[in-house]
Amino acid sequence: MGKNLVIVESPAKAKTIGRYLGDNYRITASVGHIRDLPSSTIGVDVKQGYKPRYITMKGKEKVIRELKEMAADAERVYIATDPDREGEAIAWHIAHILKIDENSDCRITFNEITETAVKNAISSPRPIDMNRVNSQQARRILDRLVGYELSPLLWRKVRKGLSAGRVQSVATRMVVQREREIKAFVPEEYWLLTSYLKKNAKDNPFRSRYHGEWNGKKVQKHTVKSLEEMQELLKRLDDQQWQVLKVKKGKRQKQPNAPFTTSTLQQEASRYMGFTSKRTMSVAQQLYEGVDLPGSGATALVTYIRTDSVRVSPEASQEAKSYIISKYGEEYLPKSVRMFKNKNASQDAHEAIRPAHFDLSPDDIREKLTNDQYRLYKLVWDKFMASQMAAAVVDTVTADITASTHLFRVSGETIVFPGWLKQYGVSADKDAEEDKQEDELKTEVLPELKEGDVLILDHLKPEQKFTQPPARYTEASLIKAMEEQGIGRPSTYAPTISTILDRNYVEKDKRHLLPTDLGTVVTELLEENFDNIVDVSFTAGMEENLDTVESGQENWVEILDTFYPPFHQKIENANENLEHVKMPETPTGEKCPECNEGDLVIKEGRYGKFIACSNYPECKFTKNVEEQVNGKCPLCGSGLAARTSRKYKRKFYTCDKKGSDPECGFISWDLPIEGRTCEVCGSYMVWKRFRGRSFPKCGNRECPTNQKKATTKEKEKSDEQVDKNVSDKNKSPIDKNESKTKKTTKAKTKPKTKKTDEDNK
C-alpha cells in the first residue's frame, strides 16, 4: 500500500508540513505554476467562448514527470496549494495533469501551517472550487487580452519594448495625476500666530494658537491671510489682558486598529522600516512557509500573507488573551473580545495576518532569524497582540484664552493608562504626511488652569505659511490608495508597483514616486484612446465582477464578452488613426562631439535617460547622463560623477575620467569621503547608508573592518592581507558586489513568490 501524497507550491512549505504528518505521508512541491498560457501567442480563442490554451511552462517538465511518478504510487493525492484564487487555479492544473477528478475530495487548504491546521485540513478534503478557478481564469485571460493587444500598439506608436496592463496602467495614471495636481497647485499665503503665556512670572511659558474672534457667545474662526492682516492683529493685541475664558477637561479612549492585511502590512513596513513592497512580501513569504529553528525544524511563524480580511479566529483570540494576561495583567484585556468587521462577506474566507505559534515570541527566537525576518515578524506580532488589548485612556484638556475680542486655544493630553500602546508603542496607521499635519500643540504641557485666571504674555510669534500641494505617492500611500479605490487585490499590489518601476513608467526620488516622461506619454495616449483601461472606477468594477464569478453569481465568459469586443474595436481604430508619438527631448546646450553638427539632447530610453545626438540615426553618438558630485576620486584625484545603474536602478559613483584617455577605473556604490583613509588597511573610506543614516566605512570589502565574526584562520588571512597592503584594494566595488551576488544566489534558494496577474509581454 503506497503513501498518501500531499502537493504544495514551494519546497520550504513542503518541509514545514512534513513535520506534522506521519510516515504515511509524502510531501512534494510543484514549485509554483506548472501550466500557463503560451508566451509566444495570445493563447485565447476569442471566437470559441474565450477558450484558453494552456501549455506546460518551460522548465517544468521534470517537475511534472516526478509528480506523475509519485501520484502513481500514492494511495491518495491531496493538493494543498494556497487558499486563494491563484492557489485554486494551480490545484486545478495539477489535478488536470495527474488526471484527478476535480469533483473528488482532493483539495485541502489551511490558513496557517501549524500541526492543528494541517491535520484538520487532511481530515476534511473537498472538491476543487471551480468558481474560484473560473474567477482566476477570467482575470488571467482578461489581462492577456489587454496585454497582447495593447502592448504591440504601444510598440508601434511610442517605442518598442513597452507594455500595458489592466492594473499597472491605472497605477501609473494615479502617479501621473498626482503630479499634475502638484504642478497645477497654486499656493495660498496664510499666517499662524502663537502666544507664549505664563501663569506666574517664574513659570516656563506654554503655547496657544490664534483661533478667531470672540463675540461673547461663540467664536468665529478666522485665518490671517496676509502680512498686513497680521500686523493689524498684532496692534490690536498690544497691551491687552490675557485671561482664561474656559477650561474643558475630559477623558477619551484610543482604540487599537485591526491586525494586518496584506495592504496594511506593506504600508507599515514601508513607512517604519523602509521596506519596498516587494521586499516585504519576500520576507513575509519566508515567515509563512517556514523558517528553520534549531531543535524544532522548519516552522511557519505567520498565517497566510495574501489576505484582505481582518477576521480573527476564536482560537487566536484566546491565545492572545493568555499572552496579554501573563505579560501585562488582566487590566490590559478589553471588556469583551475584539471583533473587526470586513467590508464584504468574500473577505471572510481568510483571517488577518497574525502569529501562527504563540509560544514563539520574536524576542525568544531573535538569534535564529535574519534581521529582516525578525523585524517583520515583530511588526506582525506586536500589531496582532495590540489589536486584542484594552483601549488606551487619555486625559484631555482644552483651554480657551482671550485677549480683548481675540481667542487663542491650546489642547493637551496625558496618557493615564497605556493599554495597547504598551505593546505597539504608538499608533502606526497614520500616513507620514498626515503626521506632519498634526497640531504641534496637542502635546503641550499645561499648568493647572481655571476659568478667570489672568495670564502673563511672554511674547507673540507670527509665522508666514503657504498651503502645500498634495504629497507625492510613496509605495505605502499608493498601495493604500489602490486598496481604497478597489484596484487590484492583495496578491497584486507588490507586483504592480515592481512592474511600473521596472518598465520605467515611474521612478523613485528617495521614497517618493514620480512619473517619467515615458509614463506620462503612455498615460496620455491611453487616456485619449482607451479611457476605460485607465479609469479607476472601471477597473474597480471589473474587480467586483471577478468577485461575483468567485461567489457563483456571474458567468466568467459573459463578463469577458461584455469587455472584449468594444476594446478590440478601439485597438483597430487606434492602429489606423493614431499618429506616432514622439518622446520629449531636453536640449543640453552642447554640440555633438562626434559629428559637430547636431545638438546633444536628453532622451528617455528603455533603461532610463541618456544623452544622444539630435542627428540620429545619421549620428549614433550617445553617453550616460552624469551628475557632478562634490569630492575627488580616491585613485587619481580627479572629480567624481554619479550615474544610475540600468540593472539595479541604483546610483553609483565613478571617476569623471571614465571613458576618457587615459581612463581611471574607479567605480563604487558608495560616495567616497575626500581625504580620509582606513586606519586598518589604508584604503579609501566611503559613506554607507543604513536605516536612513550615513556612517563612514572602509571602501575595501576585504578589509578586516568589513568582515563578519571571522574564524581564527580567516583573521590570520586578513592580517596577511593587511601586511601586503591589500593589493586588491582598488578592485571595482561593483564587480565585487556582482560576484558576491552570484555566490549568494548559488548558496541560497530564493523564496518562491507568485507571478503578477498582469501580463507583461
Side-chain angles (χ1 to χ4, degrees), residues 50 135 138-154 157-158 162-184 263 308 343-344 470 472-473 477-493 495-497 499-500 503 505-506 513 515-516 518-549 554 556 558-575 577-578 581 756-761:
Y50 304 95
S135 178
R139 174 191 286 277
R140 186 76 185 96
I141 292 171
L142 182 66
D143 291 335
R144 172 55 63 98
L145 293 174
V146 171
Y148 264 68
E149 296 212 0
L150 201 49
S151 296
L153 176 71
L154 295 180
K157 304 301 182 180
V158 183
L162 299 183
S163 75
R166 189 175 54 88
V167 177
Q168 73 172 61
S169 297
V170 178
T172 303
R173 188 194 186 199
M174 291 172 70
V175 178
V176 170
Q177 285 181 318
R178 178 58 56 89
E179 198 65 22
R180 290 171 181 164
E181 291 173 24
I182 293 170
K183 289 180 178 178
S263 166
D308 51 8
K343 294 179 183 177
N344 55 62
R472 288 189 173 99
Y473 284 115
S477 59
L478 181 58
I479 289 171
K480 182 179 180 181
M482 290 171 66
E483 183 186 38
E484 289 174 346
Q485 300 191 51
I487 300 166
R489 285 298 178 261
S491 61
T492 66
Y493 299 135
T496 297
I497 290 178
T499 297
I500 62 178
R503 298 292 181 184
Y505 292 151
V506 169
L513 302 175
T516 61
L518 177 62
T520 303
V521 166
V522 170
T523 296
E524 290 172 350
L525 184 148
L526 295 178
E527 285 175 329
E528 292 173 11
N529 299 277
F530 302 92
D531 53 342
N532 61 339
I533 293 296
V534 289
D535 182 68
V536 169
S537 59
F538 174 83
T539 305
M542 186 60 73
E543 294 290 356
E544 291 174 0
N545 290 337
L546 294 174
D547 288 343
T548 63
V549 174
E554 297 287 343
W556 68 278
E558 292 176 1
I559 288 175
L560 290 174
D561 207 37
T562 301
F563 166 80
Y564 180 70
F567 168 73
H568 181 68
Q569 185 59 51
K570 286 183 177 181
I571 289 286
E572 293 191 339
N573 292 341
N575 276 323
N577 304 320
L578 194 62
V581 179
T756 175
D757 286 331
E758 301 259 356
D759 187 276
N760 299 315
K761 182 178 174 185

Is a side-chain donor or acceptor of T492 paired with a backbone partner of G488 at a separation under 3.5 angstrom? no
Is the shortest side-chain heavy-atom distance between T496 and V170 below 4.5 Å? no
Inter-residue atom distance D143.CG - I141.CD1, 0.5 Å rounding: 10.5 Å
Would you call E544 and R489 a salt bridge, using N to O less than 4.0 angstrom? no
Atom of L154, atom of S163 and distance for their closest heavy-atom approach: CD1-O, 3.7 Å
side-chain hydrogen bond (donor to acceptor under 3.5 Å, both in side chains) with S537: which residues, sequence neighbours excluded? D535
Taking side chain as C-beta onward, heavy atoms only, is L153 less than 4.5 Å from F530? yes
Fit a plane to each ring of F563 and F567, take the angle between them on a 0 to 90° scale, and name the class: parallel (under 30°), tilted (30 to 60°) or perpendicular (over 60°). parallel
Please determine if R178 and E181 form a salt bridge, counting it only when a charged side-chain N lies under 4.0 Å from a carboxylate O. yes
Say you draw a straight line from CG of L145 to NE2 of H568; how long is it, rounded to the nearest 0.5 Å? 10.5 Å
Shortest non-hydrogen contact between W556 and A138, atoms and distance: CB-CB, 3.8 Å
Nearest 0.5 Å please: distance from the CD atom of E543 over to the OG atom of S135. 9.0 Å
Could you walk me through whether R180 and E527 pass the salt bridge (Lys or Arg N to Asp or Glu O under 4.0 Å) check? CA-CA 14 Å; R180 290 171 181 164; E527 285 175 329; 2.9 Å; yes
